[in-house]
Amino acid sequence: MKRIIITGIRGGVGATTIAANLIQALKLNDERVHIIDVRPENLMRFHFAMDLSVQDGWAKRWLNGESWKNAAYMSPDSLSFIPYGGLTLDERFAFEQKLMSTSQGLLDIFSIQPELENMWQIILLPTVHELNEHYDELLASADMVLCVVKPDIQNYAYIQQNVSFCRFVERYQPYYLINGYQPQSDNSVDLSLVLKYELDKQCLPMFLHFDTAVPDACSQLNLVLNYAPHSQISQGINELSFWLLTHFSAKEVEGK
């Protein structure tokens, strides 16, 4: 199994959109893949046409002593998606208390299992500053940790001075993906190049463009790859998928 963990350096950088559409891009390449939303906001459902009245999810199942796999939802496009679920305030408190009693935090919930051996597993985590000790073992289990960054001054300043980000980098050596690139903006172009230079080899070679097709697709409860397959963001996500396939194929060859 290839476990890819995706997070955002801050809120609003597009990590949820990228994660949701990435599984469609991988599926189009005949890969077996599923995605788990570990964000309590429970918003990834907008990309998979999940009825907003449904509150089921892996967090509720785990509270009831069930496996996260029992919360799997199949989208109209036959994509396997595991929502976080909608918890009441009492359930959130119970969840936190139960999580504190685990020995490996979220890894106790999402342990690597033999039946998933030939699959890609995409896990969407909260933003970097929200990642406490309960996420450490899960992050350490990943084949790749991918951090989404937006080329603006707030994200750049965060990279330079935030202690949570420094801890995150030291522990997990993440790869970085620049999203929201706007070639018509001198500021966006300049900061993209600065980030590319400073993050060096850990920065993926593609820029994902800012694209109005994303909110349009989301409002239609659809993936942008389906809603606007020829858009710039769709082309970028397909490029990301191809890069991941190539990256892990090369690693497998090196390991032989």
Chemist: Given the rule in the side-chain contact (heavy atoms from CB on, under 4.5 Å) test, do Y227 and V214 qualify, once you have shown the distances and angles that lead to the verdict?
Modeler: CA-CA 9 Å; Y227 181 82; V214 171; over 6 Å; no
Chemist: Measuring from atom CG of L124 to atom CD1 of I4, what distance do you get when rounded to the nearest 0.5 angstrom?
Modeler: 13.0 Å
Chemist: Any chance you could measure L106, atom CG, to Q104, atom CD, to the nearest 0.5 Å?
Modeler: 11.0 Å
Chemist: Has Q55 got a side-chain atom pairing as donor or acceptor with L87's backbone, closer than 3.5 angstrom?
Modeler: no
Chemist: According to a hydrophobic-cluster definition based on side-chain heavy atoms being under 4.5 Å apart (Ile, Leu, Val, Met, Phe, Trp, Tyr only), do V149 and I153 belong together?
Modeler: yes
Chemist: Taking side-chain hydrogen bond (donor to acceptor under 3.5 Å, both in side chains) as the definition, give me every residue that meets it alongside Q113, ordered by chain and number, with sequence neighbours left out.
Modeler: K69
Chemist: At what distance, to the nearest 0.5 angstrom, does CG of L208 lie from CG of L177?
Modeler: 4.5 Å
Chemist: Between S231 and A228, which heavy-atom pair has the shortest distance, and what is it?
Modeler: OG-O, 2.7 Å
Chemist: Would a distance-only check, ignoring hydrogens and angles, find a side-chain to backbone donor-acceptor pair under 3.5 Å from N162 to S164?
Modeler: yes
Chemist: Linking I/L/V/M/F/W/Y whenever their side-chain heavy atoms sit closer than 4.5 Å, directly or via other members, would F46 and F48 fall into one cluster?
Modeler: no
Chemist: Scan residues 94-114 for pairs that pass salt bridge (charged side-chain N to carboxylate O under 4.0 Å, His left out), counting only residues two or more places apart or in two chains.
Modeler: none
Chemist: List in chain and number order the residues that pass side-chain hydrogen bond (donor to acceptor under 3.5 Å, both in side chains) with D77, two or more places apart in sequence or in another chain; answer none if no residue qualifies.
Modeler: N226
Chemist: For D136, enumerate each residue passing the side-chain contact (heavy atoms from CB on, under 4.5 Å) test, keeping only those at least two apart in sequence or located in another chain.
Modeler: E133, R167, R171, Y172
Chemist: Using the test side-chain hydrogen bond (donor to acceptor under 3.5 Å, both in side chains), find all partners of R10 that sit at least two apart in sequence or belong to another chain.
Modeler: none
Chemist: What distance do I123 atom CD1 and L138 atom CG have between them, rounded to the nearest 0.5 Å?
Modeler: 4.5 Å
Chemist: What are the two closest non-hydrogen atoms of V169 and P174, and how far apart are they?
Modeler: CA-CD, 3.8 Å
Chemist: Under the side-chain contact (heavy atoms from CB on, under 4.5 Å) test, which residues partner R32, sequence neighbours left out?
Modeler: N118, M119
Chemist: So which pairs with a foot in residues 123-166 pass ring pair (Phe, Tyr, Trp, His ring centres under 6.0 Å), sequence neighbours left out?
Modeler: none
Chemist: Filter on side chain to side chain donor-acceptor pair (under 3.5 Å), then keep only pairs touching residues 39-48, sequence neighbours left out; what's left?
Modeler: T16-R39
Chemist: Please name all residues satisfying side-chain contact (heavy atoms from CB on, under 4.5 Å) with T212, sequence neighbours left out, ordered by chain then number.
Modeler: F210
Chemist: Would N179 and T17 satisfy side-chain contact (heavy atoms from CB on, under 4.5 Å), going step by step from the backbone distance to the final call?
Modeler: CA-CA 10 Å; N179 182 43; T17 296; over 6 Å; no
Chemist: Does N222 reach the main-chain N or O of A217 with its side chain, forming a donor-acceptor pair under 3.5 Å?
Modeler: no
Chemist: Quick one: does S192's side chain have a donor or acceptor within less than 3.5 Å of a partner on S188's backbone?
Modeler: yes
Chemist: Go through L22 and W120 one step at a time and tell me if the side-chain contact (heavy atoms from CB on, under 4.5 Å) criterion holds.
Modeler: CA-CA 11 Å; L22 179 59; W120 289 71; over 6 Å; no
Chemist: Can you sort out the partners of P40 under side-chain contact (heavy atoms from CB on, under 4.5 Å), two or more places apart, ordered by chain and number?
Modeler: Y84, P126
Chemist: Flag yes if L43 and I35 sit in one hydrophobic cluster, no otherwise; membership is Ile, Leu, Val, Met, Phe, Trp, Tyr, and two members link when side-chain heavy atoms are under 4.5 Å apart.
Modeler: no
Chemist: Give the cluster check for F242 versus F248: same hydrophobic cluster or not, with ILVMFWY residues linked at side-chain heavy-atom distances below 4.5 Å.
Modeler: no
Chemist: Before giving the answer on side-chain contact (heavy atoms from CB on, under 4.5 Å), spell out for L244 and L146 the whole-Å C-alpha distance, their side-chain angles and the decisive distance to 0.1 Å.
Modeler: CA-CA 11 Å; L244 288 169; L146 184 59; 5.6 Å; no
Chemist: Determine whether a donor-acceptor pair (N or O, by modelled atom type, separation under 3.5 Å) exists between the side chain of S75 and the backbone of A49.
Modeler: no
Chemist: Where do S141 and I112 come nearest, in terms of heavy atoms and distance?
Modeler: O-CD1, 4.3 Å
Chemist: Check side-chain hydrogen bond (donor to acceptor under 3.5 Å, both in side chains) between Q154 and all other residues, then give those that pass, not counting sequence neighbours.
Modeler: none
Chemist: Do other residues, nucleotides or ligands put more than 12 heavy atoms under 6.0 Å from the CG atom of L52?
Modeler: yes
Chemist: Does atom CD of E117 have more than 12 heavy-atom neighbours, drawn from other residues, nucleotides or ligands, at distances under 6.0 Å?
Modeler: no
Chemist: My understanding is that only residues two or more places apart in sequence, or in another chain, count here; which of them pass ring-ring contact (aromatic ring centres under 6.0 Å, His included) with Y181?
Modeler: F207, H209
Chemist: For the backbone of K60 and the side chain of E91, can you confirm whether one donor and one acceptor N or O come within less than 3.5 Å of each other?
Modeler: no
Chemist: For the CD atom of E137 and the CG atom of L107, what is their distance to the nearest 0.5 Å?
Modeler: 6.5 Å
Chemist: Please say yes or no: joined through hydrophobic side-chain contacts below 4.5 Å, possibly via intermediate residues, are F81 and L221 part of one cluster?
Modeler: no
Chemist: Do D152 and N155 get their side chains close enough for a donor-acceptor pair, meaning under 3.5 Å?
Modeler: yes
Chemist: Check the side chains of H34 and Q121 for a donor-acceptor pair under 3.5 angstrom, ignoring hydrogens and angles.
Modeler: yes
Chemist: With rounding to the nearest 0.5 Å, note down the distance linking CG in L125 to CD1 in I5.
Modeler: 5.0 Å
